Amino acid sequence: MREMTAAAARRTALWAQGFADRKPAGTPTRRHVRSVLDRVRLFQIDSVSVAVRAHYVPLFSRLGVYDRGLVDSAAWSHSARAPRMLAEYWAHEAAFIPVEDWPLLRWRMHRYRHGRWSGESRVLDRNPTLAADVLDVIGAVGACSAGDVEKHLEVDRPDRKGPWWDRSDTKVVCEQLFASGALAVDKRVAFTRHYDLTERVLPEAVLAENVSEEDAVRGLVQRSARALGVATEPDLRDYYRLSPAQTAAAVEDLVEDGVLERVGVRGWEASAFVHRDVRVPRKVEGAALLCPFDPLVFCRPRTERVFDFRYRLEIYTPAHKRVHGYYVFPFLLNGELVARVDLKADRASGTLEVRSAFVEPDRSPGHVVEALVPELRRMATWLGLDDVRVDDRGNLGALLAAEASRPRGE
């Protein structure tokens, strides 16, 4: 069995995720979006918008400043010249995936035919015609939100709490129909899903493609392996939230077919697997801010193993107990995770706020700050903000604040 050093494994992972290639010269285009998607295969969606919605950031991290409308049009627009590129479904979590990967998750849709959670089936027990009613409304009026469906069904709910935490029966059934594949997300408006009949959202050829669960899982594991570069079996499993039984069988088949190679990585307890198309770059250069849901870091045990970087999301941690902050972006510099910053976009004042900044042990704070400030300014520009303001919280805060406050060009 071939052996890799931990450094080579790290560079392989970065190459697979698109960080070893130079950022494109000029303005990124739809073609660049496709090139990143071909690498990472999914953009996780999350509701938190304190800085920017998560599904936009992986492209910024890899391409630099780009028009977020490229993602919107790829996900929610369709024309003969520019067909829909992305579809929303449950992949890692809620995520945008390539439209052509939809058939690989149909087995999951079958498992979710009564909803993702066992309690959802009780809604249909109470309302046996509601699913058909919802489909009739959407079929007649077109893409609409669960709230719109309720209005068409003339459902009066004076105790309504709000669009995000409201779990009305209609919303539950819309989600159940989405999970089962009967409905797809045509678009989001203010982050609210607007559902439509799946056959009106996705191409006929995609919907006509039938893939067995066994073949679909093999396809997903191949995509995981190609996206991760070098990965343990649990890593491969986590990318699409597969089960151990599914992944183990698929991995063995792919090794036997020569698609995957089993390797040892120095310092890793478990053996790992490398896709035959992956390569190991000699070096990885450049800087990038990563959102908490970037595919490079969303599997926290893997992040710690590959980068020696312990990373936890503290959104649900009480403020006084947070170690690093609410919405913390790891900072990637020349192939290593060297710092982390808690970011907030204050749109009212036109400022990107750095609420805390921490440098990793044994890293040069001055070197990190020199590279980090331009990336923060680049993010501010991308978000349409005028300035960067840094609080002095964290072991890098004061130095970063001093550098960020200096006029550009000094």
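Note that this is a predicted model, so its numbers are computed, not measured.
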_Angle between ring planes, Tyr311 versus Phe309, binned at 30° and 60°: parallel, tilted or perpendicular?_
tilted

Would you indicate whether the side-chain heavy atoms of [Y] and [X] approach each other to under 4.5 Å?
{"X": "Met379", "Y": "Phe60", "value": "yes"}
{"X": "Leu59", "Y": "Val33", "value": "yes"}
{"X": "Leu337", "Y": "Val297", "value": "yes"}
{"X": "Leu289", "Y": "Val341", "value": "yes"}
{"X": "Asp186", "Y": "Trp76", "value": "no"}
{"X": "Asp72", "Y": "Ser77", "value": "no"}
{"X": "Val278", "Y": "His275", "value": "yes"}

Does the Lys NZ or Arg CZ of [X] fall within the cation-pi geometry relative to [Y] - under 6.0 Å from the ring centre and within 45° of the axis?
{"X": "Arg68", "Y": "Trp382", "result": "yes"}
{"X": "Arg39", "Y": "Phe19", "result": "no"}
{"X": "Arg53", "Y": "Tyr56", "result": "no"}
{"X": "Arg305", "Y": "Trp268", "result": "yes"}

Are more than 12 heavy atoms, taken from residues, nucleotides or ligands other than [X], located less than 6.0 Å from that residue's [atom1] atom?
{"X": "Arg126", "atom1": "CZ", "value": "yes"}
{"X": "Asp308", "atom1": "CG", "value": "no"}
{"X": "Glu3", "atom1": "CD", "value": "yes"}
{"X": "Arg122", "atom1": "CZ", "value": "no"}
{"X": "Glu370", "atom1": "CD", "value": "no"}
{"X": "Glu213", "atom1": "CD", "value": "yes"}

Is it the case that the side chains of [Y] and [X] hold a donor-acceptor pair, with the cut-off being a distance below 3.5 Å and no angle test?
{"X": "Glu175", "Y": "Tyr195", "value": "yes"}
{"X": "Thr170", "Y": "Ser168", "value": "no"}
{"X": "Asp38", "Y": "Ser35", "value": "no"}
{"X": "Arg237", "Y": "Gln246", "value": "no"}

Under a 4.0 Å N-O cut-off, is there an ion pair linking [X] with [Y]?
{"X": "Arg262", "Y": "Glu252", "answer": "yes"}
{"X": "Arg11", "Y": "Glu336", "answer": "no"}
{"X": "Glu88", "Y": "Arg193", "answer": "yes"}
{"X": "Asp101", "Y": "Arg223", "answer": "yes"}
{"X": "Arg355", "Y": "Asp391", "answer": "no"}
{"X": "Arg363", "Y": "Glu360", "answer": "no"}
{"X": "Glu100", "Y": "Arg84", "answer": "no"}
{"X": "Lys171", "Y": "Glu150", "answer": "no"}
{"X": "Arg302", "Y": "Glu304", "answer": "no"}

*Before giving the answer on side chain to side chain donor-acceptor pair (under 3.5 Å), spell out for Ser349 and Asp346 the whole-Å C-alpha distance, their side-chain angles and the decisive distance to 0.1 Å.*
CA-CA 6 Å; Ser349 66; Asp346 187 338; 3.3 Å; yes

*Evaluation steps, salt bridge (charged side-chain N to carboxylate O under 4.0 Å, His left out), between Arg377 and Asp386*: CA-CA 9 Å; Arg377 288 175 173 162; Asp386 301 321; over 6 Å; no

*asked:* Between His367 (side chain only) and Ser364 (backbone N and O only), is there a donor and an acceptor less than 3.5 Å apart?
replied: no

*asked:* Main chain of Ser356, side chain of Asp342: is a donor-acceptor contact present, judged purely on distance under 3.5 Å?
replied: no

*asked:* One pair to check against side chain to side chain donor-acceptor pair (under 3.5 Å): His32 and Thr29. What are the steps and the verdict?
replied: CA-CA 5 Å; His32 295 104; Thr29 64; 3.2 Å; yes

*asked:* I'd like to know whether the aromatic ring centres of Trp90 and Tyr112 sit less than 6.0 Å apart in this structure.
replied: no

*Kindly give the heavy-atom pair with the smallest separation between Val217 and Ala250, and that separation in Å.*
CG1-CB, 3.9 Å

*asked:* Would Met85 and Arg34 count as a side-chain contact (heavy atoms from CB on, under 4.5 Å) here? Give the steps.
replied: CA-CA 8 Å; Met85 185 189 301; Arg34 181 75 239 192; 3.8 Å; yes

*Among Leu220, Thr247, Leu254, side-chain contact (heavy atoms from CB on, under 4.5 Å) partner for Leu236*: Thr247

_I'd like to know whether Gln176 forms a side chain to side chain donor-acceptor pair (under 3.5 Å) with Arg116, so could you lay out the CA-CA distance, the side-chain angles of the two residues, the decisive distance to 0.1 Å, and finally the verdict._
CA-CA 7 Å; Gln176 180 266 323; Arg116 294 178 65 228; over 6 Å; no

_According to ring pair (Phe, Tyr, Trp, His ring centres under 6.0 Å), does anything in residues 281-307 pair up with another residue at least two apart or in another chain? List the pairs._
His92-Phe298, Tyr239-Phe298

